[in-house]
Amino acid sequence: MAIQPLAIAARTLTNALGRGGAASLGALRRGESGLRPCDFEDAGLPTWIGRVAGLEEEPLTGEFAPFDCRNNRLARLGLEQDGFGAAVRVARDRYGPDRIGVFVGTSTSGIGATEHAYRQRDPITGSLPATFDYPHTHNVFSVADFTRRWLGLTGVAMAISTACSSSAKAFASAWRQMRAGFCDAAVVGGVDSLCLTTLYGFNALGLASTQPCRPWDVERDGLNVGEAAGFVLLEWAEPGDDRVLLLGYGESSDAYHMTAAHPEGAGATLAMQQALARAEVLPEQVDYINLHGTATPLNDAAEDRAVARVFGPDTPCSSTKGWTGHTLGAAGVTEAVFVALCLEHGLIPGTLNTRQRDPKLDAGVVLENREHPLRTALSNSFGFGGTNCSLLFGRRDI
Amino acid sequence: MNPLAVEAVGLMAPGLAGWTTSQAVLTGQRPYVAEPMPAAMATLLPANERRRVTATIKLALQVAQEAMAQADIDAGAVRTVFASSGGDSEILDKICVALTQPDRPVSPTHFHQSVHNTPAGYWAIATGCMQPSLSLPAYDDSFAAGLREAAALAWADQTRVLLVAYDLPPPFPLVERRMIVAPFAVALLLNPAQDYRLAPLRLESGANQPANRLDDAGLEQLRAGNPAARGLPLLCAIARRKAGRVVLSDGGVSLSVEIEP
């Protein structure tokens with residue numbers, strides 16, 4: 001039997017395309033990328049990034065001042081858009097603040113605060129500066145802690161940190177913990193912000209592209225690091241629910257290599273098959289797939305094998321990384337909300353920046369936007385350590 | 001709520017070198033002495049990998065390996081939850097140091113080992129396990145959050161789940177801002193079926209209550225000083241094989257566990 005679906009009661013997005021879901025939808029429709037040559041701090045790297053403008057000038061103040069760091073600023077900015085806070089207040093009255101769980105995916109949280117502190121070590125003792133507040137910034141849990149405090153929630157809270165699948169897996173955790181009765185509704189999110197660790201780390205691995213990323217392109221040569229905050233409010237779907245529903249999720253491990261995807265996409269295949277199985281949806285019923293599609297040569301090739309195996313060459317699919325860059329731990333929720341927007345507005349986004357599909361790849365990647373009613377769509381998120389997650393969303397009213 | 005059986009335990013900390021050898025301390029027959037911890041061997045890793053991995057990875061894999069060896073079932077079929085407050089601070093320190101140097105020579109190996117799910121990735125590779133795995137931090141409540149997630153996963157999928165909780169003292173200077181007194185790692189193999197070997201647990205998530213403390217001053221210091229060791233009251237209750245109830249503090253919401261031997 002299909003699992004009990006969850007309804008997306010509210011959602012919000014902030015990324016390089018702008019603040020709020022309308023900015024993302026508009027940019028998707030117009031084919032306008034948010035990528036720019038790297039201008040983050042003093043990182044002198046020949047790559048492109050998806051930076052959220054204005055974060056530098058918007059510190060957290062008052063009772064939230066201890067949480068001030070780029071990642072929590074981004075979380076705040078995200079939580080302030082799209083009426084998300086108001087929607088959570090309504091849910092708080094309905095369910096009680098202690099019955100709404102908080103599940104936030106992040107890979108690096110506020111590590112930028114530690115990067116800065118290490119540059120300001122005491123020259124004699126080596127100690128970090130007195131202003132450095134580890135528990136409220138770098139601490140990987142701090143973004144979940146900030147989120148629940150900002151929203152006035154007192155229920156279960158945790159961060160999920162499985163690299164680039166983090167905020168996709170947050171949906172699965174929320175479903176399980178609601179099912180187990182630990183909470184009655186859930187705020188699921190993902191927040192990852194630019195930092196030197198990821199910019200120089202991907203550069204060291206030779207995975208950062210010197211051009212705007214080109215998923216599935218024959219000349220693709222790597223990813224662009226981006227930053228984003230995204231949140232959804234989930235509650236159990238009601239009979240005849242006309243909202244976008246989480247119909248299924250699938251998770252797996254590659255058990256192959258710490259950074260390289262399984263060449264045949266074995267883990268990705270399992271994740272997609274399980275998402276379909278949980279939803280009792282057949283591959284041919286899926287109208288669109290939002291690919292992980294980072295634009296590294298090996299990742300796209302592995303995902304292509306998996307998508308082609310499960311869906312064949314005809315299901316329309318695309319990567320939206322050319323708009324936002326790879327927002328790492330926030331990619332799962334960012335692309336889940338993209339999928340929700342696509343389901344609501346009947347949009348199949350193309351694959352921005354991609355000029356010539358790699359002839360060795362078989363998946364049905366579309367390059368240009370299409371307007372087409374959609375009923376069911378899948379989103380893929382994969383990460384270092386061989387972690388895979390696929391989320392299946394759909395609408396019942398069309 | 002349905003019970004959850006604990007089928008096997010792995011344990012490693014100073015003075016607690018393995019589940020079986022720690023019984024006298026956990027049951028209160030012998031006072032806790034923080035003897036030096038034997039090196040975590042994590043023998044399931046191939047020798048070349050073992051040389052490359054950090055103390056954090058080895059410690060997490062050591063207790064996971066111990067629990068699975070007791071249960072004598074195929075690790076490749078078992079879902080996992082890894083709970084840790086700080087992840088691999090040794091690696092994060094090295095990266096932050098590299099970022100202060102000219103040209104910022106971040107090591108690619110350190111970068112890929114910096115993700116929170118690194119032990120989970122190595123475990124999956126070493127055991128050939130393609131099952132789902134989740135890695136989570138919840139600061140001082142990481143153990144309780146991990147137990148809650150593991151329980152939810154076990155019930156949802158009606159399958160065994162291996163929970164691994166671990167934290168190590170960060171290196172200087174991070175340790176000045178995140179004090180963890182000693183390394184500690186524990187693994188619990190949980191089974192939603194009734195054919196348990198050790199103890200069935202009933203979990204209840206509810207209004208905030210104070211967490212249980214331990215009578216032994218040394219053990220209590222360890223419990224309070226390492227997020228993974230916040231599970232010690234539960235381990236003591238399981239070791240005593242008596243009915244009881246322990247509260248694992250969990251921030252706004254407590255997780256209390258009933259043990260029914």
Side-chain angles (χ1 to χ4, degrees), chain A residues 98 107 111 114-115 117-119 121 126-128 132-135 139-142 144-145 148 153-163 169 172-173 175-177 179-182 196-197 200-206 251-259 266-267 270 383-387, chain B residues 1 76 80 85-87 92-93 95-100 104-108 110-118 120-122 124-125 127-139 141-142 145 148-149 151-153 155-156 172-174 176-178 203 205 207-208 250-253:
Chain A
D98 60 332
S107 64
I111 197 174
T114 306
E115 295 171 359
Y118 267 66
R119 293 201 220 174
R121 289 171 71 167
S127 289
L128 299 168
F132 173 60
D133 184 341
Y134 174 87
N139 167 20
V140 194
F141 178 63
S142 89
D145 194 21
R148 69 169 164 177
L153 301 176
T154 56
V156 296
M158 68 185 208
I160 291 96
S161 195
T162 54
K169 288 173 77 75
S173 278
W175 188 92
R176 287 191 281 267
Q177 297 219 11
R179 182 75 179 177
F182 293 138
L196 298 177
T197 298
Y200 281 87
F202 281 115
N203 188 63
L205 285 169
E251 301 166 279
S252 71
S253 306
D254 273 355
Y256 174 71
H257 191 270
M258 282 304 293
T259 54
L270 273 179
F384 279 1
T387 167
Chain B
M1 206 167 273
T80 54
S85 167
L92 299 170
D93 172 73
I95 290 174
C96 288
V97 167
L99 288 170
T100 66
R104 297 175 171 157
V106 173
S107 144
H110 292 159
F111 180 58
H112 84 64
Q113 289 182 340
S114 72
V115 294
H116 212 75
N117 57 315
T118 296
Y122 279 105
I125 294 167
T127 60
C129 179
M130 296 188 72
Q131 298 293 327
S133 173
L134 193 87
S135 296
L136 68 96
Y139 204 59
D141 297 318
S142 295
R148 201 195 297 103
E149 172 68 17
L153 178 58
W155 289 323
F172 177 86
L174 275 176
E176 292 190 324
R177 301 307 168 82
R178 177 47 165 160
L203 274 61
S205 205
N208 203 8
D250 190 18
V253 179

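Sequence lines set the chain letters: A, B, ... in the order given, protein chains first and strands last, and positions in each chain run from 1.
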Heavy-atom distance under 4.5 Å to chain B: side chain of Thr197(A), backbone, both or neither?
both
Where does Ala144(A) contact chain B at under 4.5 Å (heavy atoms): side chain, backbone, both or neither?
neither
Whether over 12 other heavy atoms sit under 6.0 Å from Arg178(B) CZ:
yes
Which atoms of Glu176(B) are under 4.5 Å from chain A, going by heavy atoms: the side chain, the backbone, both sets, or neither?
side chain
With a 4.5 angstrom heavy-atom cut-off, is it the side chain or the backbone of Asp254(A) that approaches chain B, or both, or neither?
backbone
pair Ser173(A)-Leu134(B): side-chain heavy atoms closer than 4.5 Å
yes
Okay, side chain of Glu115(A), backbone of Leu196(A): is any donor-acceptor separation there less than 3.5 Å?
yes
Turns out that what part of Leu270(A) lies under 4.5 Å from chain B's heavy atoms comes down to side chain
Chain B: which of Lys169(A), Gln177(A), Arg179(A) shares the most heavy-atom pairs with it under 4.5 Å?
Gln177(A)
Region of Val115(B) that comes under 4.5 Å of a non-hydrogen atom in chain A
side chain
Against chain B, work out which of Ala163(A), Ala266(A), Ala172(A), Gly383(A) has the most heavy-atom pairs shorter than 4.5 Å and name it.
Ala163(A)
Region of Arg119(A) that comes under 4.5 Å of a non-hydrogen atom in chain B:
both
Using a cut-off of under 4.5 Å on heavy-atom pairs, state which of Ser127(A), Gly206(A), Gly267(A), Gly385(A) scores highest against chain B.
Ser127(A)
Checking heavy atoms, do the side chain of Leu92(B), its backbone, both or neither come under 4.5 Å from chain A?
side chain
NZ/NE/NH1/NH2 to OD/OE distance under 4.0 Å, Glu251(A) and Arg176(A):
yes
Could you give the distance from CZ (Arg104(B)) to CG (Asn203(A)), rounded to the nearest 0.5 Å?
11.5 Å
Scanning both residues in full, the closest heavy-atom pair of Ile95(B) with His110(B) reads CD1-O, 3.7 Å
Report the option among Gly121(B), Ala156(B), Cys96(B) that has the most heavy-atom pairs separated by less than 4.5 Å from atoms of chain A.
Cys96(B)
Count the heavy-atom pairs under 4.5 Å between each of Ala152(B), Pro108(B), Pro132(B), Pro137(B) and chain A, then report the option with the highest count.
Pro137(B)
Among Thr162(A), Leu205(A), Val140(A), residue most engaged with chain B (heavy-atom pairs, under 4.5 Å)
Thr162(A)
Find out whether the Lys NZ or Arg CZ of Arg121(A) is both under 6.0 angstrom from the six-membered ring centre of Phe132(A) and within 45° of the ring's axis.
no
Between Leu174(B) and Tyr118(A), what is the shortest heavy-atom contact and its length?
CG-OH, 3.5 Å
For the backbone of Gln131(B) and the side chain of Ser253(A), can you confirm whether one donor and one acceptor N or O come within less than 3.5 Å of each other?
yes
Tell me whether the centres of the aromatic rings in Tyr200(A) and Phe111(B) are closer together than 6.0 Å.
no
Residue Phe384(A) versus chain B: region with a heavy atom under 4.5 Å:
both
Side chain of Arg177(B), backbone of Leu128(A): donor and acceptor closer than 3.5 Å?
yes
For each of Ser142(A), Gly386(A), Pro135(A), tally heavy-atom pairs with chain B at distances under 4.5 Å, and name the one with the top tally.
Pro135(A)
By a 4.5 Å heavy-atom criterion (distance strictly below it), what part of Ala117(A) contacts chain B: side chain, backbone, both, or neither?
neither
